[in-house]
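Following: one structure in structure tokens, then a few remarks.
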Amino acid sequence: MYSPRCMGHMSSVLPAFALMLTNLVVGINQNLVKREASKSFALIERQAAGIFHRLVYGFPRDFYHQHVHSNDAILGIMASGGTLANITALWIARNRCLGRQNGFAGVEKEGMRAALDHYGYADAVLIGSKLMHYSVDKAAALLGVGERNVMRVPVDDSYRVDIGKLRKMIDRCILRKQCVPAVIGVAGTTDCGSVDPVADMGSVARDARMHFHVDAAWGASLLFSNAHRSKLTGIEQADSVTVDGHKQLYMPLGTSMLVLRDPAAAKVIEKEARYMLQPRSGDLGKCSVEGSRPGRALLMHAAVHIIGHHGYEILVDENLRKAHYMAALVRSRQEFQLLCDPQTNIVLYRYLVVSGRLRVPANSRINDLNERIQNAQHRAGRTFVSRTVIEKSFGLRRLSLVALRAVIGNPLTTEEDIAAVLADQLQIVTEIEQRS
Ligand SMILES: *Cc1c(COP(=O)(O)O)cnc(C)c1O
């Protein structure tokens, strides 16, 4: 994970202080489920939530003075990963839209069937990009929505949600009396780093009075950068935002956060238990999928102070610069085809030429070859990129392509390393051809 030529995964090298602070978290062993068991870490977690809330929403200072340490407010919920943060967001969204009303106790108490009956809905669906992360499927399954009711909006040539199609899909759902607990935008897709038009999606969701969730597990760190922040314009319209510390914040696994615009939003998932989690106690375990959990918020809190806002800006700017460098290198070589201009620091491309012949072979053969290249590269272990399958239009034809996926997140990666990865792939092609 630390190798500068291993550029295929979303988590990478950690700063040294992360290890030291992890020792502290483990050694002190406070439990964030309950205030009594986390006298210091509960405060740190609340502050970390405030810091990330401010990064996303930028509310005035007074807002934070009022809410960061108020037992009635939750500005963010720590989770062990982006998956759990997304599930939590959609849990809140479901409960808000099928809540308590006129003698009906709400979906959380009465279940999906009774809730849909009460509100007169045929069923419920979640709507978002075709490239949404599969954690949304998990959420749909867990929340009684059903994976088949995850509606995936087609994307444009840049792999961003097609707004016209999103509008149509929402209209159709309303006509069919389907409940839409949430519209989901992705700020940095896992496949290719594309960023949905979150401003437009936010206004569509607002017009339809639907919860708008932005999955910024990958892209949130762009908010630190003056040069790139505008790619996420509109994120402040989101009701909830997922941030993954273990991706572009260079924190260890287990440091994700769901940020909530409305400090009262989490009330709809609140639980109480007699032996603990008393009302108005400020126990953080009342509003999370997880029960007992460690004080990893310390790492988030420390990172924004030690690496700092400007430090992250440098990291982000450098990653994007290197991604564009790689894209240019790919474009300059006739053996490779760039599949999408990088919007963040993921570069999607594929190997194209077979045996130096200029005639382009059938797509399925190119797919096979790219799969073999990536497998052989993984086995050889000198360099690494990952692999995905993505659709692309060529004129009127839409093809499924096996794509090589470079994730440029390691600060130690240089332009030389990037060139070496491509050279290694060409070397591997030669070896494959010699063998066959
Ligand atoms: C990585 C990722 C997730 C899932 O996060 P985990 O931390 O692996 O659970 C969700 N959404 C997007 C866009 C991601 O890139």
Side-chain angles (χ1 to χ4, degrees), residues 1 7-12 14 18 52 56 76-91 93 126-142 147 150 152-153 155 158-161 182-198 201 212-223 231-232 235 238 240-259 288-290 293-294 296-297 299-300 303 316 319 323 340 342-348 386-390 403 405-409:
M1 306 307 287
M7 44 177 83
H9 297 296
M10 290 179 136
S11 46
S12 78
L14 298 179
F52 282 93
V56 172
I77 300 171
M78 282 288 296
S80 65
T83 296
L84 218 42
N86 282 344
I87 290 171
T88 309
L90 298 172
W91 183 21
L126 295 169
I127 300 182
S129 158
K130 189 159 186 208
L131 297 185
M132 263 188 310
H133 190 263
Y134 67 99
S135 50
V136 174
D137 295 305
K138 294 181 183 174
L142 288 165
E147 279 185 34
V150 175
R152 293 178 179 270
V153 186
V155 289
S158 312
Y159 300 101
R160 311 165 82 223
V161 157
V183 174
I184 302 150
V186 191
T189 57
T190 318
D191 281 294
C192 65
S194 55
V195 180
D196 281 337
V198 281
M201 291 183 83
F212 180 42
H213 174 63
V214 173
D215 179 357
W218 176 246
S221 66
L222 266 63
L223 291 168
K231 291 181 176 156
L232 270 54
I235 197 169
S240 52
V241 175
T242 290
V243 178
D244 255 9
H246 62 250
K247 287 181 179 165
Q248 305 226 60
L249 297 174
Y250 300 94
M251 288 296 103
L253 297 172
T255 50
S256 295
M257 188 176 293
L258 177 69
V259 184
S288 69
V289 180
E290 287 161 285
R293 54 191 182 77
R296 290 210 197 91
L299 293 149
M300 301 280 270
V316 168
N319 286 340
C340 167
Q343 290 163 52
T344 57
N345 36 329
I346 297 179
V347 183
L348 268 200
S386 49
R387 188 174 84 206
T388 188
V389 174
I390 199 137
R405 172 176 172 270
V407 182
I408 317 273

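Remember, it's 1-based here, ligands and their atoms both numbered in the order they're listed.
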Using a 3.5 Å distance criterion without hydrogens, assess whether the side chain of [X] forms a donor-acceptor pair with backbone atoms of [Y].
{"X": "Arg405", "Y": "Leu348", "answer": "no"}
{"X": "Ser129", "Y": "Leu131", "answer": "yes"}
{"X": "Asn86", "Y": "Val136", "answer": "no"}
{"X": "Asp196", "Y": "Gly185", "answer": "no"}

Inset, instruction - Using a 4.0 Å heavy-atom threshold (strictly under), name the region of Asn86 that reaches ligand 1: side chain, backbone, both or neither. - result: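 Under 4.0 Å from ligand 1, Asn86 contributes side-chain atoms alone.
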Legend entry - Test applied, side chain to side chain donor-acceptor pair (under 3.5 Å); reference residue, Trp218; option that passes from Asp244, Thr242, Thr344: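 Result for side chain to side chain donor-acceptor pair (under 3.5 Å) with Trp218: Thr344.
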Legend entry - The one among Gln248, His133, Met132 that brings a heavy atom closest to atom 10 (C) of ligand 1: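 The nearest heavy atom belongs to His133.
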Closest non-hydrogen protein atom to [atom], residue and atom name please, with distance?
{"atom": "atom 11 (N) of ligand 1", "value": "Asp215 OD2, 2.6 Å"}
{"atom": "atom 6 (P) of ligand 1", "value": "Gly82 N, 3.4 Å"}
{"atom": "atom 9 (O) of ligand 1", "value": "Thr83 OG1, 2.6 Å"}
{"atom": "atom 1 (C) of ligand 1", "value": "Lys247 NZ, 1.3 Å"}

Legend entry - side chain to side chain donor-acceptor pair (under 3.5 Å) against Arg293, all qualifying residues, sequence neighbours excluded: Glu45
Legend entry - Contacts of Ala238 that satisfy side chain to side chain contact (heavy atoms under 4.5 Å, CB included) - sequence neighbours left out: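 In terms of side chain to side chain contact (heavy atoms under 4.5 Å, CB included), with neighbours along the sequence ignored, Ala238 is linked to Tyr57, Phe212, Val214, Val241.
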What atoms of ligand 1 come closer than 4.0 angstrom to any heavy atom of [X]?
{"X": "Thr190", "answer": "12 (C), 13 (C), 14 (C), 15 (O)"}
{"X": "Met10", "answer": "15 (O)"}
{"X": "Asp244", "answer": "1 (C), 5 (O), 6 (P), 7 (O)"}
{"X": "His246", "answer": "7 (O)"}
{"X": "Gly188", "answer": "13 (C)"}

Inset, instruction - Output yes when Asp191 and Lys130 qualify as a salt bridge under the 4.0 Å nitrogen-oxygen rule, no when they do not. - result: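 A salt bridge is absent here (no side-chain N lies under 4.0 Å from a carboxylate O).
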